[in-house]
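Residue indices begin at 1 and follow the sequence shown. Scope of the values below: all heavy atoms of this structure, side chains included, with no hydrogens, waters or symmetry mates.
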Amino acid sequence: MIASGAYNSKIAFFIDMRIKSGKNRFFVYDLENSTILDEGLVANGSGSETGIKGELKFSNEPNSKCTSLGRYAIGKSYRGIFGKAYVLKGLDQTNNNAIKRMIVLHSYSAVPENEQDYYIALSHGCPMVSEVFFKRLEKIIDNSKSNIILNIYY
């Protein structure tokens with residue numbers, strides 16, 4: 001269990017789901033200096049697609065394959081089918097099934113490293129990033145003495 005005072009007060013991660021998936025929408029934010037330290041592409045869940053490009057829907061339901069909005073505490077890492085991944089604990093009503101749904105932060109080779117004009121690969125609801133961006137995030141997460149908050153919003 002993650003204690004409420006155990007969050008990193010210097011760094012937070014933000015994902016702006018209003019930005020289309022081919023553009024940088026995962027931001028590493030310096031809370032002390034109000035600056036963006038890094039940014040990258042991140043996939044959304046295939047269940048979040050509405051058929052109208054740029055319009056997404058969100059769900060916390062198991063098997064929905066949707067992205068869930070809200071704040072997550074980035075927990076410990078483990079080795080899964082995509083290699084190293086981080087457990088995400090949903091902190092809000094909109095994402096409190098994250099652990100049950102196995103929503104984790106991980107990399108995937110099909111996610112490009114650089115921005116592009118078309119949409120990128122879809123996940124099953126996980127924030128999924130390129131392998132290169134994941135390595136940069138991994139350094140920040142692993143060097144943090146306290147849990148980093150990831151906020152996904154629309």
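Between the side chain of Thr67 and the backbone N or O of Gly45 there is at least one donor-acceptor pair closer than 3.5 Å. No donor-acceptor distance shorter than 3.5 angstrom exists from the side chain of Asp30 to the backbone of Thr35, with no hydrogens or angles considered. With Ser146 contributing its side chain and Asn8 its backbone, the two residues share a donor-acceptor pair below 3.5 Å. Under the 3.5 Å distance criterion, the side-chain polar atoms of Arg25 are left unmatched by any main-chain donor or acceptor of Arg18. With hydrogens and angles ignored, the 3.5 Å screen pairs a side-chain donor or acceptor of Asp92 with a backbone N or O of Arg71. The backbone N or O of Ser68 lies less than 3.5 Å from no partner atom in the side chain of Asn60, so there is not a single donor-acceptor pair. Between the side chain of Ser107 and the main chain of Val129, no donor-acceptor pair closer than 3.5 Å is present.
For Lys23, the NZ atom counts as densely surrounded, since its 6.0 Å shell holds more than 12 non-hydrogen atoms of other residues, nucleotides or ligands. Counting heavy-atom neighbours within 6.0 Å of Met17 CE, excluding the residue itself, gives a total above 12.
Considering all non-hydrogen atoms of both residues, Phe133 and Gly40 come closest at CZ-N, 3.5 Å. Nearest approach of Arg101 to His124, heavy atoms of both residues: NH2-O, 4.1 Å. Residue Gly70 comes nearest to Thr94 through the heavy atom pair CA-OG1, 3.8 Å, listed as atom of the first residue, atom of the second, then distance. When all heavy atoms of Lys57 and Gly47 are compared, the closest pair comes out as CE-O, 3.0 Å. Heavy-atom minimum distance, Pro112 versus Ser130: O-CB, 3.4 Å. Contact detail for Ser48 and Cys66: the closest heavy-atom pair is OG-CA, 3.5 Å.
Between Tyr153 and Asp16, some side-chain heavy-atom pair lies under the 4.5 Å cut-off. Annotation: side chain of Ile15 is not in contact with side chain of Tyr72 (no heavy-atom distance under 4.5 Å). Looking only at side-chain heavy atoms (C-beta outward), Tyr29 and Ser34 come within less than 4.5 Å of each other. Considering only heavy atoms from C-beta on, Asn24 stays 4.5 Å or farther from Ile19 through its side chain. Between Ile103 and Asn95 the shortest side-chain heavy-atom distance does not fall below 4.5 Å. Within the 4.5 Å cutoff, no side-chain heavy atoms of Phe14 are placed close to those of Ile36. Side-chain contact between Ser144 and Ile74 is absent, with no heavy atoms from C-beta onward closer than 4.5 Å. Counting heavy atoms from C-beta on, the side chains of Ile152 and Val42 never come closer than 4.5 Å.
Here the CD1 atom belonging to Ile149 is positioned 10.0 Å from the NZ atom belonging to Lys89, to the nearest 0.5 angstrom. With rounding to the nearest 0.5 Å, the separation of OG in Ser59 from NZ in Lys65 is 13.0 Å. In this structure, CG in Leu122 is found 10.5 Å from OH in Tyr108, a value given to the nearest 0.5 Å. Once rounded to the nearest 0.5 Å, the distance linking CZ of Arg136 with CG of Asp38 reads 4.0 Å. Separating the CD atom in Glu39 from the CD atom in Glu115 is a distance of 6.5 Å, to the nearest 0.5 Å. In this structure, Lys76 NZ and Asn147 CG are separated by 10.5 Å, a value rounded to the nearest 0.5 Å.
Taking the charged nitrogens against the carboxylate oxygens, Asp142 and Lys84 do have a contact shorter than 4.0 Å, which makes a salt bridge.
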For this session: Using the side chain to side chain contact (heavy atoms under 4.5 Å, CB included) rule, take Ser109 and Glu131 through it: C-alpha gap first, then chi angles, then the decisive distance, then the call.
Result: CA-CA 6 Å; Ser109 59; Glu131 292 167 333; 3.6 Å; yes

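Taking the six-membered ring for Trp and thresholds of 30 and 60 degrees, Phe82 and His106 have nearly parallel ring planes, at less than 30 degrees apart. Between Tyr86 and Phe134, the ring planes are tilted. Angles from 30° to 60° get that label.
Counted by atom type alone, Asn44 and Glu49 present one or more donor-acceptor pairs between their side chains at under 3.5 Å.
Follow the hydrophobic side-chain contacts under 4.5 Å out from Ile81 and you never reach Tyr78; the two are in separate clusters. The cluster map of Ile, Leu, Val, Met, Phe, Trp and Tyr, joined by side-chain heavy atoms under 4.5 Å apart, puts Phe58 and Phe13 in the same cluster.
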